[in-house]
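Below is one structure, written out as structure tokens; the observations come after it.
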There are 2 protein chains.
Amino acid sequence: MAPLNDHLQGSHMDSRWNALKPEETSTTPLYLQFSRKLAEAIHAGWWQADEALPSERTFSEELGISRVTARKALDVLLEQGLIRRRHGSGTFITPRLEQPLSRLTSFTEMLKMKGFEPSSVWLSRGIATPTHEEVIKLGLSPNAQVARLKRQRLADGVVMAIEQSSLPLTYLPDPQAVGSSLYAYLDTMGHPIVRALQHIRAVNANPDIAAIAGIKPGEAMLLITRIGYTADNVAIELTDTWCRNDYYDFVAELRR
Amino acid sequence: MAPLNDHLQGSHMDSRWNALKPEETSTTPLYLQFSRKLAEAIHAGWWQADEALPSERTFSEELGISRVTARKALDVLLEQGLIRRRHGSGTFITPRLEQPLSRLTSFTEMLKMKGFEPSSVWLSRGIATPTHEEVIKLGLSPNAQVARLKRQRLADGVVMAIEQSSLPLTYLPDPQAVGSSLYAYLDTMGHPIVRALQHIRAVNANPDIAAIAGIKPGEAMLLITRIGYTADNVAIELTDTWCRNDYYDFVAELRR
DNA sequence: AAGTGGTCTAGACCACATT
DNA sequence: ATGTGGTCTAGACCACTTC
């Protein structure tokens, strides 16, 4: 028991252990319950940056779960970049400044982290005959039609990106029904997108896009083409996002 | 024993099991040994796309390792997108077409996958006084100097990218000593880079870069700024990579 | 009903870091 | 020497898919 931590070992920590304990009634896996609760605790600032968490064995004993399970929960947070492990030394909170890591920080996530308020404005929503690209990438039959959605993405009122999505009409029969979140709508319709492939490349803004985005034609933009798949591995979403490079950049963390 | 697989269960599979068995002498963890060998086997085409692998229990018994260990090895390949699991059904090879997934496919990786032969040509290697950006991002002291390396990245003889790296002179005292791989050199010097943050954004090519890259000024390029960290979490590498957008694009897979 | 992946346990040993 | 993360085991039960 390190003396330095004594102020945390009394009733303070007792109530904290309780907050981390798994619910008897819940059916979700123990390690997921614990990993979520621990993530909340970290975000709530229970520990300082670079401060060591309780050891895996301590978690195990205090929470009444096996060490393997506790460790598996920590694996999840490690994967998210929330914590780091030092062999023989301990498990540590990743400093906030270095946290924009994880896989690929994107879209509204980054904006929210930077403190912006994201919003969006519909430019058009309707039904169209698919382009050649859409037919191929969405695997459409020859006469099928697509729902096409186009909108501006704003942060604090400034246009940051233009987004155009196409979906087979069979999956989105009424484009007008989509609220502010396409993904949320697909969830409620029973066709959630669970996986997506994103191609990221650079393009010069064409006059149309430039006008809508409020930049000069020819300016470099990031063009992200996303293909979204359902759990059945069917491609049902093709989205192009033109991002203003002066407001947008992507951060990715690589490890060896 | 499914009759359909009988042709794989005889001597064929016997020799295969041996190829997957861990080495008695090796000190590397069992699950890593197995995961590597299995990855090789998959790339060697032991199984077809969408074909089921042997079950976790089968691997466990045949290889003399516990199921937990076998499963942990499979976790690694799952993470890489090489396999997929279907609860109650089995573990399956990911079709090649969908494999450019993983985290973020980049640089020479993608080229090699597409069958190109990567190479590089030095444009300059020397010592310089750091820019303001370098001082800040590398945390240099006021009078420190940097080693600066600049090169063309080619694939099958065509320029695909321009890369400029800066490192504190203390970590790279002799820029001329670097061979074809900066990372390999740093490894041998005892300062391996284990983690890197990459910022990806779009820029218009300036005349200098355009000339070297063989494109028109103003063309959109991907600019990747990478900061590489050692195990001690010290930033020792700052690299800008300008990528020709007609040859380069990044692919990332997202999951929910 | 049988086979598969998904979760969980209790205990063990090793390698590394700190003291 | 002690504590920590890293690996490994043998066995168990559940949930899902397939037949």
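Within every chain, numbering begins at 1; the chains are lettered A, B, ... in the order of the sequence lines, protein sequences first and strands thereafter.
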Under 4.0 Å between a side-chain nitrogen and a carboxylate oxygen: does that hold for A/Arg148 and A/Glu134?
yes
Would the distance check show the side chain of B/Glu51 and the main-chain N or O of B/Gln48 forming a donor-acceptor pair, the cut-off being under 3.5 Å?
yes
Between CD of A/Glu56 and C1' of D/dG6 the distance, given in whole Å, is 8 Å
What is the distance, to the nearest angstrom, from the CZ atom on A/Phe59 to the P atom on D/dT4?
12 Å
Taken to the nearest whole Å, CG/B/Asp75 to P/D/dG6 is 15 Å
Please examine the side chains of A/Leu74 and A/Ser35, heavy atoms only from C-beta on, and report whether any two atoms are closer than 4.5 Å.
no
Face-on cation placement of B/Arg86 at B/Phe92 ring, 6.0 Å and 45° thresholds
yes
Under 4.0 Å between a side-chain nitrogen and a carboxylate oxygen: does that hold for B/Glu61 and B/Arg67?
no
Salt-bridged, B/Glu56 to B/Arg85, with N to O below 4.0 Å?
yes
In whole angstroms, the gap separating C1' of D/dG5 from CG of A/Leu77 amounts to 16 Å
Side chains of B/Leu138 and B/Pro130, heavy atoms from C-beta outward: is any pair under 4.5 Å?
no
Please state whether the phosphate of C/dT4, meaning OP1 or OP2, lies under 4.0 angstrom from any side-chain nitrogen or oxygen of B/Ser55.
yes
Distance check needed: C/dG6 C1' versus B/Leu74 CG, whole Å only.
13 Å
Compare side-chain N and O positions of B/Tyr31 against OP1 and OP2 of D/dC8 and report whether any pair is under 4.0 Å apart.
no
A/Leu53 side chain reached by A/Ile93 side chain, heavy atoms, under 4.5 Å
yes
Under a 4.0 Å heavy-atom cut-off, which of residues 33-41 of chain B touch DNA chain C?
none
Quick check on C/dG6: is either OP1 or OP2 less than 4.0 Å from any side-chain nitrogen or oxygen of B/Arg85?
yes
B/Lys137/B/Glu237 ion pair, N-O < 4.0 Å
no
Scan nucleotides 9-19 of chain C nucleotide by nucleotide, 5' to 3', and note B when protein non-hydrogen atoms come under 4.0 Å of the base, S if they reach only the sugar-phosphate, - if neither.
BB-BB-BBS--
Quick check on D/dG5: is either OP1 or OP2 less than 4.0 Å from any side-chain nitrogen or oxygen of A/Arg71?
no
Look at the side-chain N and O atoms of B/Lys72 and state whether any lies under 4.0 Å from the OP1 or OP2 oxygen of D/dT7.
yes
